[in-house]
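Throughout, protein chains are lettered first and strands after them, A, B, ... in sequence-line order, and every chain is numbered starting at 1.
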Amino acid sequence: MQYWLMKSEPSEFSLDDLQRKGREPWDGVRNYQARNWFRDQMQPKDLAFFYHSNCAMPGIVGVMEILTPAYPDPTAFAPDNPHYDPKSDPAQPRWYLVDVGYVAHFPRTVSLSELRTYPALSELALLRRGNRLSVMPVAAAAWAFIMGLQAGPALPSAPLRERH
DNA sequence: GCCAACGTTGGC
DNA sequence: GCCAACGTTGGC
């Protein structure tokens with residue numbers, strides 16, 4: 001059982017889209033390190049944070065579940081697909097994917113800027129300088145910490161109230 | 001195997 | 001839209 005973080009641009013595919021559809025093949029990943037995690041490490045019942053990237057408020061918006069073992073990404077074989085890769089031979093597929101299932105929305109987005117404020121998360125791959133991976137592992141302690149943020153208000157930018 | 005050029009990611 | 005950081009490509 002492992003934990004993950006997976007990025008998607010909400011204009012392409014958002015957590016709302018996943019909720020609507022229930023499940024989805026996480027296709028189009030074209031990075032070898034991410035491919036290796038799909039193929040070699042990810043297992044059904046693993047959980048993953050759904051991260052919205054390249055948008056007004058980048059951050060973690062909820063949780064999904066890995067539903068299937070890795071299998072070859074069919075979009076790599078489809079010439080009319082934007083993720084087509086002529087070098088991926090169906091007899092020896094280069095790219096893999098897993099199906100994911102909707103689990104839950106967070107009550108609020110845990111933004112990238114908020115995540116950066118927690119020393120407990122300093123080892124999170126997402127926060128390391130220049131990180132561009134779209135699929136990455138999350139340590140169990142970091143997973144629990146982020147899940148725990150949902151319990152409290154934790155709105156650091158909210159105006160302070162006078163106390164009398 | 002080196003490395004410059006290029007394309008992509010993704011925050012801001 | 002800008003641009004830093006990074007991965008990939010391809011000439012040599």
Task: Any donor-acceptor N or O pair under 3.5 Å, side chains Ser111(A), Ser113(A) - done: yes
Open item on the list: Counting the benzene-type ring for Trp, do Trp143(A) and Phe49(A) have ring centres under 6.0 Å apart?
Closed with: yes
Task: Arg108(A) bridged to Glu114(A) by N-O distance under 4.0 Å - done: yes
- [ ] Go through the side-chain N and O atoms of Asp46(A) and Trp4(A) and say whether any donor and acceptor fall under 3.5 Å apart.
- [x] yes
TODO: Residues of residues 28-40 of chain A with any non-hydrogen atom less than 4.0 angstrom from an atom of DNA chain C: list those, numerically ordered, please.
DONE: Tyr32(A)
- [ ] Would you check, one step at a time, whether the test ring-ring contact (aromatic ring centres under 6.0 Å, His included) holds for Tyr71(A) with Tyr96(A)?
- [x] CA-CA 5 Å; Tyr71(A) 61 96; Tyr96(A) 284 77; 8.5 Å; no
Please list, for nucleotides 10-12 of chain B, all pairs of protein and nucleotide N/O atoms separated by less than 3.5 Å.
unit_1	atom_1	unit_2	atom_2	d
dG10(B)	OP1	Lys7(A)	NZ	2.9
dG10(B)	OP1	Arg132(A)	O	3.0
dG11(B)	OP1	Tyr51(A)	OH	2.7
dG11(B)	OP2	Asn54(A)	N	2.8

- [ ] For Gln41(A), look at atom CD and say whether over 12 heavy atoms of other residues, nucleotides or ligands are found less than 6.0 Å away.
- [x] yes
Open item on the list: Please compare Arg129(A) and Lys87(A) by the position of their nearest nucleotide in DNA chain C and report the one closer to 5'.
Closed with: Arg129(A)
- [ ] Run the salt-bridge test on Arg30(A) and Asp73(A) with the 4.0 Å N-O cut-off and return the result as yes or no.
- [x] yes
Open item on the list: Keeping Lys7(A) on the side-chain end and Leu133(A) on the backbone end, is there a donor-acceptor pair under 3.5 Å?
Closed with: yes
Open item on the list: Rounded to whole Å, please give me the gap between CG in Asp85(A) and C1' in dT8(C).
Closed with: 12 Å
Task: Distance, rounded to the nearest Å, where Glu12(A) contributes CD and dT8(B) contributes C1' - done: 14 Å
TODO: Calculate the interatomic distance between His83(A) atom NE2 and dT8(B) atom C1'; express it in whole Å.
DONE: 13 Å
